[in-house]
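Working notes for the structure below.
The model shown is predicted, which means the values in this text are computed figures rather than measured ones. Chain naming here is simple, since letters A, B, ... match the order of the sequence lines and numbering starts at 1 in each.
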Number of protein chains: 2
Amino acid sequence: MTSVTTRDACGELEMANGDFVRQLLDRVGDKWTVLVVANLKQGPRRYSGLQQILPGISQRMLTLTLRQLGQDGLITRTAYGEVPPRVEYTLTPLGQSFLGIATSLVEWASAHSAEITRNRAQASDDRD
Amino acid sequence: MTSVTTRDACGELEMANGDFVRQLLDRVGDKWTVLVVANLKQGPRRYSGLQQILPGISQRMLTLTLRQLGQDGLITRTAYGEVPPRVEYTLTPLGQSFLGIATSLVEWASAHSAEITRNRAQASDDRD
DNA sequence: CCGCATCCTTCAAGATACTG
DNA sequence: CAGTATCTTGAAGGATGCGG
């Protein structure tokens with residue numbers, strides 16, 4: 001315990017690094033981060049490759065997402081000095097680690113989707 | 001495999017139930033869901049109790065968050081016919097399961113916060 | 001005490017056009 | 001090919017006042 005402003009108003013989840021937790025949650029929640037990381041699972045990909053594979057991402061969002069992932073050290077950017085230009089993005093070990101927890105989230109969602117659907121139907125029945 | 005529109009453009013993460021995955025990711029990313037669930041960990045809580053404990057949540061957001069969690073079946077709402085009114089919210093087993101993955105996210109964030117901070121510092125150095 | 005309804009602000013993300 | 005630079009918008013979230 002290295003004495004970081006331990007304002008624990010919130011169970012144990014926000015013990016320390018409340019800001020980091022918030023940031024990670026935001027990343028997970030934003031529209032493209034998880035999908036981009038997922039598509040780097042099987043190896044390096046080029047900018048245009050990602051753009052083709054991701055359903056309807058704009059250049060702007062792809063660039064922003066990649067930049068952020070790069071700054072956080074989840075991916076590396078490699079530009080080859082060629083004409084025409086070629087840039088590849090690759091998961092770092094940290095990125096693969098992130099992909100791990102993201103995957104567990106996705107698996108949880110899949111595992112419980114039926115149950116949640118039932119619950120929602122039930123709720124709307126009760127309303128009537 | 002029960003034949004759900006398997007549009008897999010996105011690695012394996014979006015195989016089926018792409019919508020559910022998206023929804024879960026959104027929930028995780030929104031501002032209060034995870035915190036509310038976290039604060040129900042140690043037992044039932046009242047509306048006003050949650051409001052006191054959560055740092056700066058508005059009534060509106062608390063109500064919306066609780067309602068959504070209720071519809072999805074992650075929490076139950078119990079109103080006691082008393083004066084003054086008393087309402088308790090409790091995690092369901094499904095909710096506890098959700099808390100499990102949320103906790104693993106938080107732990108990942110804590111475990112790698114230092115590394116990510118270093119990466120960001122490095123990135124801003126390289127920029128100069 | 002426990003909410004609902006309304007208005008308002010802010011910001012993530014899309015559309016579009018242009019550059020090295 | 002791999003971005004950057006603006007403009008715009010939709011929805012999330014905050015503030016506030018009222019109702020059962």
Side-chain angles (χ1 to χ4, degrees), chain A residues 10 18-19 22-37 39-40 44-72 75-90 123-124 126-127, chain B residues 9-10 18-19 22-37 39-40 44-72 75-90 123 126-127:
Chain A
C10 312
D19 296 346
R22 181 73 273 135
Q23 285 177 32
L24 174 70
L25 263 32
D26 288 346
R27 294 275 135 85
V28 168
D30 76 21
K31 207 164 179 181
W32 300 109
T33 300
V34 171
L35 274 85
V36 167
V37 171
N39 277 285
L40 293 175
R45 278 196 189 274
R46 307 178 53 169
Y47 186 93
S48 54
L50 289 168
Q51 204 173 10
Q52 286 165 24
I53 279 188
L54 295 171
I57 193 172
S58 62
Q59 288 184 331
R60 180 183 131 86
M61 289 317 294
L62 180 54
T63 300
L64 288 177
T65 304
L66 289 171
R67 189 184 300 164
Q68 213 163 34
L69 288 170
Q71 286 171 355
D72 288 354
I75 63 174
T76 56
R77 192 194 110 113
T78 313
Y80 301 90
E82 300 175 354
V83 176
R86 185 162 62 97
V87 179
E88 281 188 346
Y89 294 91
T90 315
S124 65
D126 294 349
R127 190 160 30 71
Chain B
C10 311
D19 296 346
R22 185 63 284 132
Q23 286 176 33
L24 174 70
L25 263 34
D26 288 345
R27 294 276 138 84
V28 169
D30 75 20
K31 207 164 180 183
W32 299 109
T33 299
V34 171
L35 274 85
V36 167
V37 171
N39 276 285
L40 293 176
R45 279 197 189 274
R46 307 179 52 170
Y47 186 94
S48 54
L50 289 168
Q51 205 173 7
Q52 287 166 21
I53 279 187
L54 295 171
I57 193 172
S58 62
Q59 288 186 332
R60 180 183 131 88
M61 290 316 296
L62 181 53
T63 300
L64 288 177
T65 304
L66 289 171
R67 188 188 299 164
Q68 213 161 36
L69 288 170
Q71 285 171 356
D72 289 355
I75 64 175
T76 55
R77 191 194 112 113
T78 313
Y80 301 91
E82 300 174 355
V83 176
R86 184 162 62 96
V87 179
E88 281 188 347
Y89 294 91
T90 315
D126 294 350
R127 187 162 31 72

CG of B:Leu25 versus P of D:dA12: gap in Å, rounded? 15 Å

Rounded to whole Å, how long is the line connecting atom NZ of B:Lys31 with atom C1' of C:dT9? 12 Å

Please state how far atom CG in A:Leu54 lies from atom C1' in C:dA13, giving the value in whole angstrom units. 15 Å

If you measure from CG on A:Leu66 to CE on A:Met61, what distance do you get to the nearest 0.5 Å? 10.5 Å

Evaluate the criterion side chain to side chain contact (heavy atoms under 4.5 Å, CB included) for residue pair B:Asp19 and B:Arg22; output intermediate values, then yes/no. CA-CA 5 Å; B:Asp19 296 346; B:Arg22 185 63 284 132; 5.5 Å; no

Determine whether B:Leu40 and B:Glu88 make a side-chain contact, defined as any pair of heavy atoms from C-beta on separated by less than 4.5 Å. no

Quick one: is A:Tyr89 getting a side-chain N or O under 4.0 Å of the D:dG3 phosphate, OP1 or OP2? yes

Nearest whole angstrom, please: distance from the P of D:dA2 to the CZ of A:Arg45. 13 Å

For B:Arg67 and A:Gly56, find the nucleotide of DNA chain C closest to each by heavy atoms; which residue's nucleotide sits nearer the 5' end? B:Arg67

Take atom CZ of B:Arg27 and atom C1' of D:dA12, then tell me their distance rounded to the nearest Å. 13 Å

In whole Å, I'd like the distance from the CD atom of B:Gln51 to the P atom of C:dC4. 13 Å

Spacing of OG1 belonging to B:Thr65 relative to CH2 belonging to B:Trp32, to within rounding of 0.5 Å: 8.5 Å

Between A:Arg77 and D:dA2, is there a side-chain N or O to OP1/OP2 distance below 4.0 Å? no

Any donor-acceptor N or O pair under 3.5 Å, side chains A:Tyr47, A:Gln59: no

Find the distance A:Ile75:CD1 to D:dA2:P and express it as a whole number of Å. 13 Å

Given 3.5 Å as the limit, does a donor-acceptor pair link the side chain of A:Arg45 with the main chain of A:Asn39, or not? yes

Can you tell me how far P of C:dC1 sits from CD of B:Glu88, to the nearest Å? 15 Å

Does B:Ser48 make a side-chain N or O approach to OP1 or OP2 of C:dC1 shorter than 4.0 Å? no

Between D:dA2, C:dC1, C:dG14, which nucleotide gets closest to the side-chain atoms of B:Arg46? C:dC1

Can you tell which of D:dG13, C:dG20, C:dG14 lies closest to the side chain of A:Pro85? C:dG20

Using a strict heavy-atom distance below 4.0 Å, which residues from residues 57-66 of chain A are in contact with DNA chain D? A:Gln59, A:Arg60, A:Thr63

Would you say D:dA2 has OP1 or OP2 under 4.0 Å from some side-chain N or O of A:Arg86? no

Check whether B:Arg86 reaches the backbone of B:Thr78 with its side chain - one donor and one acceptor, N or O, closer than 3.5 Å. no

